[in-house]
Undergrad: 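Sharing a structure with you now.
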Amino acid sequence: MTLTSSWQSPSNIALVKYWGKHGIQLPRNPSLSFTLSACRTEMKLEVTLHAATPGVTVFYDGQPKPAFEPKIKSFFQRLDDRLPWLKTASVFIDSINTFPHGAGIASSASALSAMALCLADIDNQISQQPLETGIWLQDVSRMSRLGSGSASRSVFPVASVWGKSKSVAGSSDEYAIPWQQEIAPVFHDYQDTILIVSASEKSVSSTMGHDMMNDLPYAPARYKQADQHLSSLVEIMKTGEDPGSFISICESEALQLHALMMSGPNPFMLMAPNTLAIIQNVWRFRKETNIPVCFTLDAGPNVHLLYPKSYHADIHAWVNSELISFCAEGTYISDQAGAGPSRI
């Protein structure tokens, strides 16, 4: 018997960064993110149960991608207890991203959450159980985390929190929780203009970056400050009335992430010269115009510009007149906080 499932799931951009893990994809500190809209993975799974030759075949944009298979097989092994039928199944996966893969826009978050959604959907088809949206998505978030920690946050619309924190009721290291209802309306369609400084695959994986934290003397202080930042940010985002503090925390989190990568015994740098040029332009533009735009970075050179939707025209005029020259082939992505995953 062959079953199919197709889902799209978005990437997300962390405001408070998860950096450092333990156990099986458990976070050293809590994180808070916007769920994006335009940056997403579209995925189709075909599962043949009790196959003569169990295994995984992976395609990306219609082309074979055997290099992806080891990570997916490892993910499946972590799901043995939850999805025992996977052990004897043949799984065919085909997906495509609407944004550059591996360039530091959390492609693993969108891909692994899309995969978890498809697997959970097929599991429901096997058991013939109806979906119970809240509980089901919590289970999907937990499954997503086993493939990519940040993927746990992509299954909820607009915003989510992942990681145990005393300031967030119901928070957990095992799965993310939805946070849309806890934030002011201004954040429900917050804009994210992503400046593509480089579309090339980054030279150092996020897994290597997380592992580096194990031996970093600054790590304990970083985890403490991340928790403090999250506690402050959840209060700031409830009212939406303190854009200065929102900006300060978001930019500090971005710079700390990259400073940590440059501080270990084997340091590496994922920012590029044009990344720094854009940051300096953001600071100058904000001072000159009083428009509450800030930057954040993921584990790569590309720059996310975050700002309220009411300033969309002003920001895009500025991007096209002054910042586009710092982008690879003049490329940027217009995105915003979005509605989360959906069935295709």
Side-chain angles (χ1 to χ4, degrees), residues 12-19 29-37 104-106 153 158-161 165 167-168 179-180 182-195 197 222 224-260 271 274-319 322-323 326 332-338:
N12 65 78
I13 180 64
L15 309 179
V16 175
K17 310 295 184 181
Y18 142 65
W19 203 241
N29 67 266
S31 57
L32 187 158
S33 62
F34 279 134
T35 305
L36 298 180
S37 179
I105 314 180
R153 300 189 306 248
V158 180
S160 63
V161 171
S165 173
S167 61
V168 177
W179 205 243
Q180 177 183 7
E182 306 297 330
I183 59 179
V186 67
F187 294 112
H188 287 200
D189 57 2
Y190 222 66
Q191 304 294 289
D192 181 4
T193 299
I194 308 169
L195 307 179
V197 172
R222 162 59 197 164
K224 182 178 180 180
Q225 180 158 68
D227 197 23
Q228 291 171 344
H229 275 168
L230 185 131
S231 297
S232 298
L233 198 60
V234 296
E235 293 301 320
I236 292 164
M237 294 180 73
K238 283 180 181 178
T239 65
E241 296 175 356
D242 189 358
S245 294
F246 176 85
I247 287 168
S248 177
I249 290 174
C250 288
E251 293 188 346
S252 175
E253 281 286 312
L255 294 175
Q256 282 187 39
L257 173 68
H258 285 262
L260 289 165
M271 287 192 289
N274 281 357
T275 308
L276 298 174
I278 291 169
I279 289 171
Q280 290 174 326
N281 271 273
V282 171
W283 287 337
R284 176 189 56 79
F285 178 80
R286 190 168 66 227
K287 183 176 181 179
E288 292 176 353
T289 64
N290 288 320
I291 291 176
V293 58
C294 68
F295 69 85
T296 191
L297 308 167
D298 218 327
N302 302 317
V303 182
H304 296 247
L305 301 178
L306 304 176
Y307 53 94
K309 188 175 183 178
S310 58
Y311 295 101
H312 184 273
D314 297 299
I315 296 300
H316 276 247
W318 168 52
V319 166
E322 298 187 38
L323 300 185
F326 300 115
Y332 64 88
I333 301 170
S334 295
D335 212 334
Q336 67 174 41

Undergrad: Using side-chain contact (heavy atoms from CB on, under 4.5 Å), reason through Val293 and Phe285 one step at a time and then give a plain yes or no.
TA: CA-CA 9 Å; Val293 58; Phe285 178 80; 3.9 Å; yes
Undergrad: Give me the atom names and distance for the closest heavy-atom approach of Ala226 to Val16.
TA: O-CG1, 3.6 Å
Undergrad: What are the two closest heavy atoms between Lys17 and Leu297, and how far apart are they?
TA: NZ-O, 2.6 Å
Undergrad: So Ile247 and Pro292, do their side chains get closer than 4.5 Å, heavy atoms only?
TA: yes
Undergrad: Rounded at 0.5 Å granularity, tell me how far CH2 in Trp179 sits from CG in Leu32.
TA: 7.5 Å
Undergrad: Step by step, would you call Leu255 with Phe295 a side-chain contact (heavy atoms from CB on, under 4.5 Å)?
TA: CA-CA 10 Å; Leu255 294 175; Phe295 69 85; 4.0 Å; yes
Undergrad: To the nearest 0.5 angstrom, please state how far the CD1 atom of Ile249 sits from the CD1 atom of Ile236.
TA: 4.0 Å
Undergrad: Any side-chain heavy atom of Gln191 sitting closer than 4.5 Å to one from His316?
TA: no
Undergrad: Is any side-chain heavy atom of Leu306 closer than 4.5 Å to a side-chain heavy atom of Leu15?
TA: yes
Undergrad: Would you check if Leu233 and Phe246 make a side-chain contact, meaning some heavy-atom pair closer than 4.5 Å?
TA: yes
Undergrad: Classify the side-chain pair Glu251/Trp283 by whether it contains a donor and acceptor separated by less than 3.5 Å.
TA: yes
Undergrad: Could you tell me the separation between the NZ atom of Lys309 and the CG atom of Asp189, rounded to the nearest 0.5 Å?
TA: 5.0 Å
Undergrad: Consider side-chain hydrogen bond (donor to acceptor under 3.5 Å, both in side chains). Of Glu253, Arg153, His229, which one does Ser31 pass it with?
TA: Arg153
Undergrad: Decide yes or no for Val282 and Cys294: does some side-chain heavy atom of the first lie under 4.5 Å from some side-chain heavy atom of the second?
TA: no
Undergrad: Does a side-chain heavy-atom distance below 4.5 Å link Gln336 with His312?
TA: no
Undergrad: Could you state the interatomic distance from CH2 (Trp318) to CZ (Arg286), rounded to the nearest 0.5 Å?
TA: 9.0 Å
Undergrad: Only one of Thr193, Leu36, Leu305 forms a side chain to side chain contact (heavy atoms under 4.5 Å, CB included) with Asp335, so which one is it?
TA: Leu36
Undergrad: Nearest heavy-atom pair of Val186 and Gly240: which atoms, and what distance?
TA: CG1-CA, 4.3 Å
Undergrad: What distance separates Leu276 CG from Asn281 CG, expressed to the nearest 0.5 Å?
TA: 11.5 Å
Undergrad: Under a 4.5 Å cut-off applied to non-hydrogen side-chain atoms, are Asn274 and Pro301 in contact?
TA: no
Undergrad: Taking all non-hydrogen atoms of both residues into account, name the closest pair between Ala159 and Thr35 and its distance.
TA: N-OG1, 4.0 Å
Undergrad: What's the shortest heavy-atom distance between Ala14 and Thr296, and which atoms?
TA: O-OG1, 3.9 Å
Undergrad: Using the ring of each side chain (for Trp, its six-membered ring), is Tyr190 parallel, tilted or perpendicular to Phe187, with breaks at 30° and 60°?
TA: tilted
Undergrad: Hey, are the side chains of Leu195 and Leu323 touching, using non-hydrogen atoms and a 4.5 Å cut-off?
TA: yes
Undergrad: Any sub-3.5 Å donor-acceptor pair from Ser252's side-chain atoms to Ser248's backbone N or O?
TA: no
Undergrad: Any chance you could lay out the side-chain contact (heavy atoms from CB on, under 4.5 Å) test for Met237 and Glu182, step after step, and finish with the verdict?
TA: CA-CA 8 Å; Met237 294 180 73; Glu182 306 297 330; over 6 Å; no
Undergrad: To the nearest 0.5 Å, what is the distance between CG (Asp192) and OG (Ser37)?
TA: 11.0 Å
Undergrad: Say whether, by atom type as modelled, one donor and one acceptor occur between the side chain of His188 and the main chain of Val158 under 3.5 angstrom.
TA: no
